[in-house]
Undergrad: 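Take this structure, written in structure tokens, and hold onto it; I'll ask about it next.
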Amino acid sequence: MIEIKKRESGKYSFDLKTQGGHTLLKSVDFTDQQEAQKIVKSLNQVRPNGIRFERKTNHDGKFLFNLKNSKGKLIGQSLLYNSEAGMENGITNLENTITSLANLGEL
């Protein structure tokens, strides 16, 4: 499930969620709704040579990942995970959710 919303700043962002409503990814802000929709439609490139995952650890030792396009531009960021295995499961869940949404024509 993808939820595009307008922020108080007038910019747009989206959250990519599981069917159960758990947030897997929060996007960066986009200048308009069309730009956000364009990025959402490009998510089906989460295959080799498409979108990339950048794995990180924050200063508190929590794990997270960034989602970037093939040109290295940041698309969004995950929530924090307590373990590296949890983060890897989050990446797998995100990939599966995107594939599921693409197959249903929701991207």
Undergrad: According to a 4.5 Å side-chain heavy-atom criterion applied to Ile, Leu, Val, Met, Phe, Trp and Tyr, with indirect links allowed, do Ile98 and Ile91 form part of one hydrophobic cluster?
TA: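 Looking at the clustering, Ile91 is in the same group as Ile98.
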Undergrad: Which pair of non-hydrogen atoms, one from Tyr12 and one from Thr31, has the smallest distance, and what is that distance?
TA: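 Looking at all heavy atoms of both residues, the shortest contact is CD1-O, 4.4 Å.
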Undergrad: Hey, can you pull the donor-acceptor pairs under 3.5 Å for the side chains in residues 72-81, sequence neighbours left out?
TA:
residue, atom, partner, partner atom, Å
Gln77, NE2, Asn66, OD1, 3.1
Ser78, OG, Phe65, N, 2.9
Ser78, OG, Phe65, O, 3.4

Undergrad: Under the side-chain contact (heavy atoms from CB on, under 4.5 Å) rule, what do Leu24 and Thr97 come out as? Steps first, then yes or no, please.
TA: CA-CA 9 Å; Leu24 295 170; Thr97 300; 3.5 Å; yes
Undergrad: Any salt bridge linking Glu84 with Arg55? Criterion: basic side-chain nitrogen under 4.0 Å from a carboxylate oxygen.
TA: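 No salt bridge links Glu84 with Arg55.
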Undergrad: Apply side-chain contact (heavy atoms from CB on, under 4.5 Å) to the pair Ser13 and Lys26, showing each step before the final yes or no.
TA: CA-CA 8 Å; Ser13 67; Lys26 290 186 168 287; over 6 Å; no
Undergrad: Establish whether Leu94 and Val28 are linked, either directly or via other cluster members, by ILVMFWY side-chain heavy-atom contacts under 4.5 Å.
TA: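 In one cluster with Leu94: Val28, yes.
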Undergrad: Any side-chain heavy atom of Thr23 sitting closer than 4.5 Å to one from Leu16?
TA: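 No - every pair of side-chain heavy atoms lies 4.5 Å or more apart.
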Undergrad: Can you check whether Ile2 reaches Leu101 side chain to side chain, under 4.5 Å on heavy atoms?
TA: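 The answer is yes, as the side chains (C-beta and beyond) meet within the 4.5 Å cut-off.
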Undergrad: What distance separates Ile39 CD1 from Ser27 OG, expressed to the nearest 0.5 Å?
TA: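 It is 9.0 Å, given to the nearest 0.5 Å.
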Undergrad: Answer yes or no: are there more than 12 heavy-atom neighbours, outside Asn82 itself, under 6.0 Å from its atom CG?
TA: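 Counting other residues, nucleotides and ligands, CG of Asn82 stays at 12 neighbours or fewer.
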Undergrad: Determine, stepwise, if the pair Lys17 / Glu3 fulfils side-chain contact (heavy atoms from CB on, under 4.5 Å).
TA: CA-CA 8 Å; Lys17 300 180 178 188; Glu3 178 183 332; 3.2 Å; yes
Undergrad: Distance from Leu64 atom CG to Glu54 atom CD, nearest 0.5 Å?
TA: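 It comes to 8.5 Å.
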Undergrad: Let me confirm one number: the CD-CZ distance from Gln33 to Phe14, rounded to the nearest 0.5 Å.
TA: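 Rounded to the nearest 0.5 Å, the CD-CZ separation comes to 12.5 Å.
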Undergrad: Can you tell if the side chain of Leu67 reaches within under 4.5 Å of the side chain of Leu43, non-hydrogen atoms only?
TA: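 Counting from C-beta outward, Leu67 and Leu43 do come under 4.5 Å.
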Undergrad: Kindly indicate, with the supporting measurements, whether the criterion side-chain contact (heavy atoms from CB on, under 4.5 Å) is fulfilled by Lys62 and Thr57.
TA: CA-CA 6 Å; Lys62 302 276 185 176; Thr57 307; over 6 Å; no
Undergrad: Are any side-chain N or O atoms of Thr99 and backbone N or O atoms of Glu95, one a donor and one an acceptor, separated by less than 3.5 Å?
TA: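 Between the backbone of Glu95 and the side chain of Thr99 there is a qualifying donor-acceptor contact (under 3.5 Å).
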Undergrad: How long is the gap from NZ on Lys38 to CZ on Phe30, to the nearest 0.5 Å?
TA: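 These two atoms lie 10.5 Å from each other.
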Undergrad: Crowded around Lys6 NZ? As in, over 12 foreign heavy atoms under 6.0 Å?
TA: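 No - once you tally the heavy atoms of other residues, nucleotides and ligands closer than 6.0 Å, there are 12 at most.
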Undergrad: Determine the minimum heavy-atom distance between Gly21 and Met1, stating which atoms define it.
TA: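 Distance-wise, the nearest heavy atoms are CA-CE, 4.5 Å.
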Undergrad: Identify whether the distance between the nearest side-chain nitrogen and carboxylate oxygen of Asp32 and Lys11 falls below 4.0 Å.
TA: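 So Asp32 does not pair with Lys11 through a salt bridge.
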